[in-house]
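Have a look at the structure below before the remarks.
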Amino acid sequence: MNSGDEIAIGRLKSRNNKVIFDAPLLIVVSSPLKGHFDMLDCGISIENIVIAAESIGLSSIILGGMRVAFMGEKKPVYENLFCIPKGNQFVAAIAIGYGDMTGNPHELNETKITRIK
Ligand SMILES: Cc1cc2nc3c(=O)[nH]c(=O)nc-3n(C[C@H](O)[C@H](O)[C@H](O)COP(=O)(O)O)c2cc1C
């Protein structure tokens, strides 16, 4: 709530300050974020986790908004709570469980693709 991130604060308020709800499993991805490809590696691993969950009939949601918890004065408390290795930074979490709803695949946005012929 003290992050100054108005979008994150609005989302939190609209969800009664809850982020993870009742998901039975939360995977937290952290990294030293020192190497040029560290963030890319995290993104690849997160996507693999999501695809693996789906492949065994589970649902998931990527949660980047939790980062605001690591921006405030309680950063050490949350790092301890989520067992983030010393020197690592929180990147994102993936809540995994049995989904209450199903979504439809997104339409391909051709304006974001450059096709080289
Ligand atoms: C990097 C990243 C971070 C995200 N962080 C959050 C988050 O903190 N809270 C949230 O409700 N959705 C977050 N989302 C969005 C959801 O994971 C999901 O993509 C969104 O609900 C749309 O789902 P759909 O693509 O299956 O329609 C994030 C997505 C990405 C890619």
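The figures that follow rest on heavy atoms only: side chains count, while hydrogens, waters and symmetry mates do not. Start at 1 and go down the list; that is how both ligands and their atoms are numbered.
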Would a 4.0 Å cut-off, counted as strictly less than, catch a protein heavy atom around atom 19 (O) of ligand 1?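 No.
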Could you identify the single nearest non-hydrogen protein atom to [atom] and state the distance to 0.1 Å?
atom: atom 5 (N) of ligand 1; value: Gly64 N, 2.7 Å
atom: atom 10 (C) of ligand 1; value: Arg11 NH1, 2.9 Å
atom: atom 16 (C) of ligand 1; value: Ile61 CG1, 3.6 Å
atom: atom 22 (C) of ligand 1; value: His106 NE2, 4.7 Å
atom: atom 28 (C) of ligand 1; value: Ile62 O, 3.3 Å

Holding to side-chain hydrogen bond (donor to acceptor under 3.5 Å, both in side chains), I want the full list of residues that pass it with Lys74, two or more places apart in sequence or in another chain. none
Counting C-beta onward and ignoring hydrogens, is there a side-chain heavy-atom pair between [X] and [Y] closer than 4.5 Å?
X: Leu26; Y: Leu63; value: yes
X: Asp38; Y: Val91; value: no
X: Met66; Y: Phe82; value: yes

Just heavy atoms, cut-off under 4.0 Å: does Arg15 contact ligand 1 by side chain, backbone, both, or neither? side chain
Within this structure, what is the CD-OG distance for the pair Gln89 and Ser31, rounded to the nearest 0.5 Å?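 So the CD of Gln89 and the OG of Ser31 are separated by 8.0 Å.
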What is the distance from atom CG of Leu33 to atom CG of Asn88, rounded to the nearest 0.5 Å? 7.5 Å
Please confirm whether Met66 comes within less than 3.5 Å of ligand 1 when only nitrogen or oxygen atoms on both sides are compared.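 Among all N and O atoms of Met66, none is under 3.5 Å from an N or O of ligand 1.
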Relative to the heavy atoms of Gly65, which atoms of ligand 1 are at a distance of less than 4.0 Å?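 Heavy-atom distances to Gly65 below 4.0 Å select 5 (N), 7 (C), 8 (O).
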Parallel, tilted or perpendicular for Phe90 and Phe70, by the 30°/60° rule?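 Plane angle under 30°, so parallel.
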